[in-house]
Every structure is written in structure tokens, then in C-alpha cells.
Amino acid sequence: QVQLVESGGGLVQPGGSLRLSCAASGFTFSRYVMRWYRRAPGKEREFVAAITATDKTNYEDSVKGRFTISRNNAENAVYLQMNDLKPEDTAVYYCNALLAAVYWGQGTQVTVSS
């Protein structure tokens, strides 16, 4: 029943912005930590950002000051605002819900290129 659906990816120029969304269903969304991960071509998946049920946030060092994670419990959604995008941010971005088991969305492609 747990489902996570990412959206908002696309092609942007270096320095541009994107806002990713993750729509969640099948669990009591407001109680759980939500995370964003990404996997760049030819590389392993890496942590990007997390937000707890009490809005405590954590970020991977390379995105600090550029990315902002937020959640809207009324909408059962978590967001990732990405500013000042760099070519090295190109990856598939995945939404992750830390429940008793960990659930993953299908990912949304972000490509940063001139």
C-alpha cells in the first residue's frame, strides 16, 4: 500500500533551479522521516537530504546552502528545492520513507547541462 511518486525533474542550465516533489500514500505521513537520495550515471546512490517528523533537517555537504528539503503533512508530500544547480547534480533523484521498512519511489531524472 505504501507508494512514493517523484516528479519535477527535467533539464536545466547550470545555475538554474528545480523543485522536486514526492507524493506519499499508504502510511501516516506526518509521523515519519522522509529523505531524498540520488544516483549519478556510473556512480552509487548517495544521500542528499532528510527531514524528520519535527522538521529537523540534514543535508549532504555538497548541497548545503543550495538545496532545501521541506514537507507538507496536509498534502502528504515532501519537496526538494534545488537552486544554483551544477552539472555534478545530474542524477536520478529518489524519495525515501523511513518506516519499519524502507520504501523507495521510482525516481525522477535531473539533468544539468548547458
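Note that the structure is a prediction, hence the values are computed from the model and not measured.
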- Give the minimum heavy-atom separation between Leu18 and Gly8, together with the two atoms involved. CD2-O, 3.7 Å
- Hey, is the main chain of Ala77 close enough, under 3.5 Å, to the side chain of Glu75 for a donor-acceptor pair? no
- Query: Do Leu20 and Trp36 touch side chain to side chain, with heavy atoms closer than 4.5 Å?
  - Reply: yes
- Query: Does Asp61 have any salt bridge (charged side-chain N to carboxylate O under 4.0 Å, His left out) partners at least two apart in sequence or in another chain, and if so, which?
  - Reply: Lys64
- Message: Strictly distance-based, threshold 3.5 Å: is any side-chain N or O of Arg71 a donor or acceptor partner for the main-chain N or O of Val33?
- Response: no
- Item | Beyond-backbone contact of Met82 with Val110, side-chain heavy atoms, under 4.5 angstrom | yes
- salt bridge (charged side-chain N to carboxylate O under 4.0 Å, His left out) partners for Lys56, two or more places apart: none
- Sidechain-backbone polar pair: Glu6 side chain, Cys95 backbone, donor-acceptor under 3.5 Å: yes
- Message: Within this structure, what is the SG-OH distance for the pair Cys22 and Tyr93, rounded to the nearest 0.5 Å?
- Response: 15.0 Å
- Side chain of Thr111, backbone of Leu11: donor and acceptor closer than 3.5 Å? no
- Message: I'd like to check Pro14 versus Pro87 (side-chain heavy atoms, cut-off strictly below 4.5 Å). Are they in contact?
- Response: yes
- Query: Among pairs that include at least one residue of residues 88-106, which meet salt bridge (charged side-chain N to carboxylate O under 4.0 Å, His left out), considering only residues two or more places apart or in two chains?
  - Reply: Arg38-Asp89, Arg66-Asp89
- Query: Taking side chain as C-beta onward, heavy atoms only, is Thr108 less than 4.5 Å from Val92?
  - Reply: no
- Query: Can you find a heavy atom in the side chain of Ser30 that is under 4.5 Å from one in the side chain of Thr28?
  - Reply: yes
- Counting heavy atoms not belonging to Gln3, are there more than 12 under 6.0 Å from its CD? no
- Is the backbone N or O of Tyr94 less than 3.5 Å from a side-chain atom of Arg39, with the two atoms forming a donor-acceptor pair by type? no
- Message: Just so I know, are the side chains of Leu85 and Phe67 near enough to count as touching, which here means a heavy-atom distance under 4.5 Å?
- Response: yes
- Task: First locate atom CG of Leu80, then atom OG of Ser21, and finally report the distance between them rounded to the nearest 0.5 Å.
- Result: 9.5 Å
- Determine, using the 4.5 Å side-chain heavy-atom cutoff (strictly less than), whether Leu98 and Ile51 are members of one ILVMFWY cluster. no
- Gln109 and Ala91 have their tightest heavy-atom pair at NE2-O, 3.3 Å
- Could you state whether Leu4 and Leu99 fall into the same hydrophobic cluster, counting links through intermediate Ile, Leu, Val, Met, Phe, Trp or Tyr residues with side-chain heavy atoms under 4.5 angstrom apart? yes
- Query: If you group Ile, Leu, Val, Met, Phe, Trp and Tyr by side-chain heavy-atom gaps below 4.5 Å, do Tyr37 and Val78 land in one group?
  - Reply: no
- Message: Could you tell me if the side chain of Ile69 sits less than 4.5 Å from the side chain of Tyr79, heavy atoms only?
- Response: no
- Query: Side-chain heavy atoms under 4.5 angstrom apart, residues restricted to Ile, Leu, Val, Met, Phe, Trp, Tyr: same cluster for Met34 and Trp104?
  - Reply: no
- Can you check side chain to side chain contact (heavy atoms under 4.5 Å, CB included) on Val112 and Gln13, steps first, answer last? CA-CA 6 Å; Val112 185; Gln13 294 181 308; over 6 Å; no
- Query: Is Val2 reachable from Val5 through a run of I, L, V, M, F, W or Y residues, each pair having side-chain heavy atoms under 4.5 Å apart?
  - Reply: no
- Task: With the side chain counted from C-beta on, respond yes when Phe27 and Asn76 share a heavy-atom pair under 4.5 Å apart, and no when they do not.
- Result: no
